[in-house]
Amino acid sequence: VSDDQLGKVFAHDIRASGVDYRTPAATDGPPTGQCLIVVSPDAQRTMSTYLGSCQEVDEGDVDEAMVKAAQVTYFEGYLWDPPAPIRAIRKAKAIAHAHGRKVALTLSDVFCVEGHRAEFIEMMQAGLVDIAFANENEAKSLFQTDDFETAVAGLAAIVPLAVVTRSEKGAVVVNGSGRSEVPITPAVRVLDTTGAGDLFAAGFLSGFTQGRDLKSCAVMGTIAAAEVIEHYGARPEADLKARVRALLG
């Protein structure tokens with residue numbers, strides 16, 4: 001973020017929600033990014049995004065101690081475009097793997113896959129990604145197929161752990177030990193699908209870093225995703241830990 005009003009609001013709010021957010025604000029360059037999201041009556045969202053200062057994150061901004069301490073470093077396909085964030089991501093991946101940590105990638109959006117298909121596949125084949133997140137359409141686009149099983153098999157062949165979400169059909173998790181499928185966790189109501197994929201990944205990785213089995217991790221992902229689509233806005237409003245305890249213990 002930048003040292004502007006929106007950056008201050010973001011930093012305050014994310015810290016107030018319990019996130020250990022230490023990133024210093026940029027004092028020059030573009031302003032803090034923002035995203036105008038239009039939600040239609042069927043709960044689908046259209047995003048008009050200005051990336052702003054996050055496009056300026058470079059390798060010098062990577063906190064090596066934080067990456068070394070993290071069990072998983074997670075990065076977005078959305079930022080695999082401007083040269084500076086790519087350098088930062090490459091550095092973070094190298095630090096993580098040098099210290100025996102995991103790297104997770106989310107494909108983010110079909111347009112990201114279409115623009116960087118070859119690079120994403122090359123990264124996975126080179127062993128630079130340990131956990132890959134994708135929705136069904138992104139996985140199909142990555143391997144240019146209309147067949148879901150072909151896409152899942154392709155992803156599983158090049159990454160140690162593949163997690164593919166399928167909206168109302170739940171999620172599929174594949175690794176060298178086999179395959180798990182979980183149904184969706186029903187939402188009380190569906191108002192806004194913004195953030196569902198990110199919250200799924202957050203729930204999954206929370207379970208993963210706790211040492212839970214992969215099926216339970218996926219269930220935690222569906223719990224988090226179900227909560228965030230029950231209301232407008234991409235941050236949870238309910239106690240996700242309580243929901244996990246009620247379902248998984």
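Numbers for residues simply follow the sequence, beginning at 1.
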So that I can tick it off, tell me whether [Y] and [X] are bridged by a salt bridge, with the cut-off set at under 4.0 angstrom between side-chain N and carboxylate O.
| X | Y | answer |
| --- | --- | --- |
| Arg189 | Glu230 | no |
| Arg15 | Asp13 | no |
| Asp3 | Lys8 | yes |

(request) Could you verify whether a donor N or O on one side chain and an acceptor N or O on the other, from Glu76 and Thr106, lie under 3.5 Å apart? (result)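 There is no such pair between these side chains.
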
(message) Can you see whether Thr32 engages Asp4 through a side-chain donor-acceptor pair at a distance of less than 3.5 angstrom?
(response)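 Yes - a donor-acceptor pair under 3.5 Å links their side chains.
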
(request) Please report the C-alpha distance between Thr145 and Asp147 in whole Å, then the side-chain angles of each, then the deciding distance to 0.1 Å, and finally whether the side chain to side chain donor-acceptor pair (under 3.5 Å) criterion is met. (result) CA-CA 5 Å; Thr145 179; Asp147 181 68; 5.3 Å; no

(message) Show, in sequence, the C-alpha distance, side-chain angles and deciding distance for Phe208 and Lys102, and conclude whether the side chain to side chain contact (heavy atoms under 4.5 Å, CB included) test is met.
(response) CA-CA 11 Å; Phe208 183 84; Lys102 303 292 186 185; 4.3 Å; yes

(message) As a test of understanding, state which of Phe204, Phe75, Phe120 forms a ring pair (Phe, Tyr, Trp, His ring centres under 6.0 Å) with Phe133.
(response)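 The residue from Phe204, Phe75, Phe120 that satisfies ring pair (Phe, Tyr, Trp, His ring centres under 6.0 Å) with Phe133 turns out to be Phe204.
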
Over all heavy atoms of both residues, which pair between [X] and [Y] is shortest? Give the atoms and the distance, please.
| X | Y | answer |
| --- | --- | --- |
| Met124 | Val159 | SD-CB, 4.4 Å |
| Pro85 | Gln55 | CD-O, 3.1 Å |
| Leu191 | Val39 | O-CG1, 3.4 Å |
| Ala196 | Ile229 | CB-CG2, 3.8 Å |
| Val163 | Ile131 | CG2-CG2, 4.4 Å |
| Pro30 | Gly52 | CB-C, 3.9 Å |

(request) Using the rule that two of Ile, Leu, Val, Met, Phe, Trp, Tyr join whenever any of their side-chain heavy atoms come within less than 4.5 Å, decide whether Met123 and Ile89 are in one cluster. (result)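 Yes, same cluster.
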
(request) Tell me whether Trp80 is reachable from Leu155 by hopping between hydrophobic residues (I, L, V, M, F, W, Y) whose side-chain heavy atoms are closer than 4.5 Å. (result)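 They do share one cluster, since a chain of ILVMFWY contacts under 4.5 Å joins Leu155 to Trp80.
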
(request) Please work out whether the ring planes of Tyr78 and Phe111 are parallel, tilted or perpendicular, with thresholds of 30° and 60°. (result)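 Tyr78 vs Phe111 ring planes: tilted.
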
(message) Is it true that, when you exclude Lys91 itself, more than 12 heavy atoms of the residues, nucleotides or ligands shown sit nearer than 6.0 Å to its NZ?
(response)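 Yes, NZ of Lys91 has more than 12 neighbouring heavy atoms, counting only those of other groups under 6.0 Å.
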
(request) Quick one: do Ser17 and Arg235 satisfy side chain to side chain donor-acceptor pair (under 3.5 Å)? Show the steps, please. (result) CA-CA 9 Å; Ser17 70; Arg235 293 180 186 166; 5.8 Å; no

(request) Give a yes or no on whether the backbone of Lys68 and the side-chain of Arg101 come within a donor-acceptor separation of less than 3.5 Å. (result)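 Side chain of Arg101 to backbone of Lys68: a pair is present.
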
(request) Walk me through it: do Arg179 and Glu181 pass the test salt bridge (Lys or Arg N to Asp or Glu O under 4.0 Å)? (result) CA-CA 7 Å; Arg179 170 174 172 152; Glu181 297 190 31; 3.0 Å; yes

(message) If you apply the rule side chain to side chain contact (heavy atoms under 4.5 Å, CB included), what do you find for Leu247 with Thr185, and how did you get there?
(response) CA-CA 10 Å; Leu247 201 58; Thr185 297; 4.3 Å; yes

